[in-house]
Each structure stands twice: as structure tokens, then as C-alpha cells.
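Atom set for the values below is all heavy atoms of this structure, side chains included, hydrogens, waters and symmetry mates excluded. Order of appearance sets the numbers: ligands from 1, and atoms from 1 within every ligand. Treat the numbers as computed from the prediction; the structure is a model and nothing was measured.
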Amino acid sequence: MKRISEAVSFIQSQFATTPRFGIILGTGLGALVNEVDIKHTIDYQDIPHFPVSTVESHSGRLIFGTLGAADVVVMQGRFHYYEGYDMKEVTFPVRVMKVLGIEKLFISNAAGSLNPAYGLSDLMVINDHINLQPENPLRGANLDELGPRFPDMSEAYDPIMVGQAMELARESKIPCHQGVYVSVPGPCLETVAEYKYLRVLGADAVGMSTVPENLVARHMDLPCFAISVITDLGVPGKIKKISIEQVIAAAKVAEPRMTLLIKDLIAKQ
Ligand code: HPA
């Protein structure tokens, strides 16, 4: 709690702000920032106790500004377990954003499809998840100030926002599914057998993020919306060798649609 308070105090000393919405942008999906009327930015490395992003495709800074009429804080660059951080580090910024005052959290990510109906660069609104990460950020002494020991997970993703996003996608004719996201530790992509196994488990898309952030958000009773961009197909018969460049290229195709959807969704809150 002390470290969270110190990070919050530092941010507030730099810029007086009470953002209503927090946004975390995934691999190849940073362009939403271009829609933000930026008032202030703070590099992660300057914020006490903030981890520093190491993946090249992520730049690490907090952006404060307005998206449409709403005050937002955007994490440009996020932390992944595979980079070597522990889960408390991965999720630290979410707690900081909540204490800063955010009322809802919006997350994007790149993911591989498991559902055969999905195409490259389609969007998938996450309506539930399966957690296969090896560590839970809430393990250890519970921070009672933030939330309960045993957080309820029956509404991991806010059902109202899921419905609103699907409706907005229909109106804007954006190819968009809703489904279950399974989070794996990475950094290896899946073997063919693993893609099949994850499908049998009940997931529609697989990625290496989002669930840790969602867990700390729900612990604090923060409503959460998350959306995947399908960057590769993990469906037997369609599986090809994947490079990070291909993941980013597929994300870039979907990025304008995803940006529009999140912007419209935030305008409805
Ligand atoms: N698997 C896991 N993580 C991913 C994938 C995938 O196929 N694509 C983008 N992130």
C-alpha cells in the first residue's frame, strides 16, 4: 500500500488529475493514443516503484488527457510475466490507476485464435477468461484496503460493456466476436497440440497478458472491459510459423477498428 501511495503521490505532484478511465494498450495497438488530447505524460522510469518496460514494441509511459469528453489515463506499454516481472509488478500500475480515481478499466491485447470461425485481424470482446498463469498477483497477504481475500469472479468482464461493445461493432460493421480468453505465461507460442488443448478447455483466443490486470481490477471491484485482436490462427490446418512482425502487422490492420470501438464505448460510459 505504501508503494502504491508513493507512486500516486508522485503522479499527483506532477499533474493534478482524477482520470475516470484507465486504458492499457497491447502489442501493436498503441495508436489509440493519437485520439487522446494529451495533457501530460510521465515516463514509467520516473514513477517510484513502477517497473520499466523491456519489450521493444512497447514504449513505457503514462499518458493523461481526454478521449472524447472523458478524462483518461493510458498505459502506453504494459508489463508481461514473460519479461521476468513477478505478478505484483505486472499489476502494480492497475492499482495505482485505481487509487488515482479510475472508475473503469479498458484493456487491449494481441491474441491467437482457437475458434475456427475467427479470421486474422478480427476483434474479440472478452466475455470471460481462463487463467493458466503460474502465479496470481493476489497471492500473499491480502490488501484489505483494496478488496476482499476471495474476490468474486462471476463478472470478470462487465456484461453491460460487453453488450454495448457488440452493439457498437454491429453498428459500425466491424468484424467482432465475443469469447473466452485464455492467458498463458509465454514467451513461447503454442505447439499444435497446445492450441488443440486450449480449445478443448473452452477458450476462443490465447494470449500472454490481460488476466493478471483483470484479477487485481476485480479484486478492487473495478469494472473491466477487454478486447483481443486476432493476430494469428491457432486452429489445426491454419497454424503457420509466427513472427512478432506478423503479429504486429495483423494488429495494425485491426488497430483503427479497435481504436474506434474503444473510443465509442468510452463515450457511452
Ligand atoms: N499465442 C499466445 N499469445 C499470443 C498469440 C498466440 O498465438 N498471438 C499473440 N499473442
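- Listed by first and then second residue, the side chain to side chain donor-acceptor pair (under 3.5 Å) pairs involving residues 240-257 are Ser243-Glu245, Ser243-Gln246, Lys252-Glu255 (not counting sequence neighbours).
- Checked against a 6.0 Å centroid threshold, the rings of Tyr181 and Tyr157 do not count as neighbours.
- Test Phe79, Phe10, Phe92 against Tyr44 for ring-ring contact (aromatic ring centres under 6.0 Å, His included) and you get one pass: Phe79.
- Residues forming a side chain to side chain contact (heavy atoms under 4.5 Å, CB included) with Glu89 (at least two apart in sequence, or on another chain): Pro51, Tyr85, Asp86.
- Contacts of ligand 1 (protein heavy-atom distance under 4.0 Å) are Ala110, Ala111, Gly112, Leu189, Glu190, Tyr195, Val206, Gly207, Met208, Thr231, Asp232.
- Listed by chain and number, the residues in a salt bridge (Lys or Arg N to Asp or Glu O under 4.0 Å) with Arg170 are Glu167 (sequence neighbours excluded).
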Worked check of salt bridge (charged side-chain N to carboxylate O under 4.0 Å, His left out) between Glu6 and Lys2: CA-CA 6 Å; Glu6 284 172 2; Lys2 186 167 171 286; 2.9 Å; yes
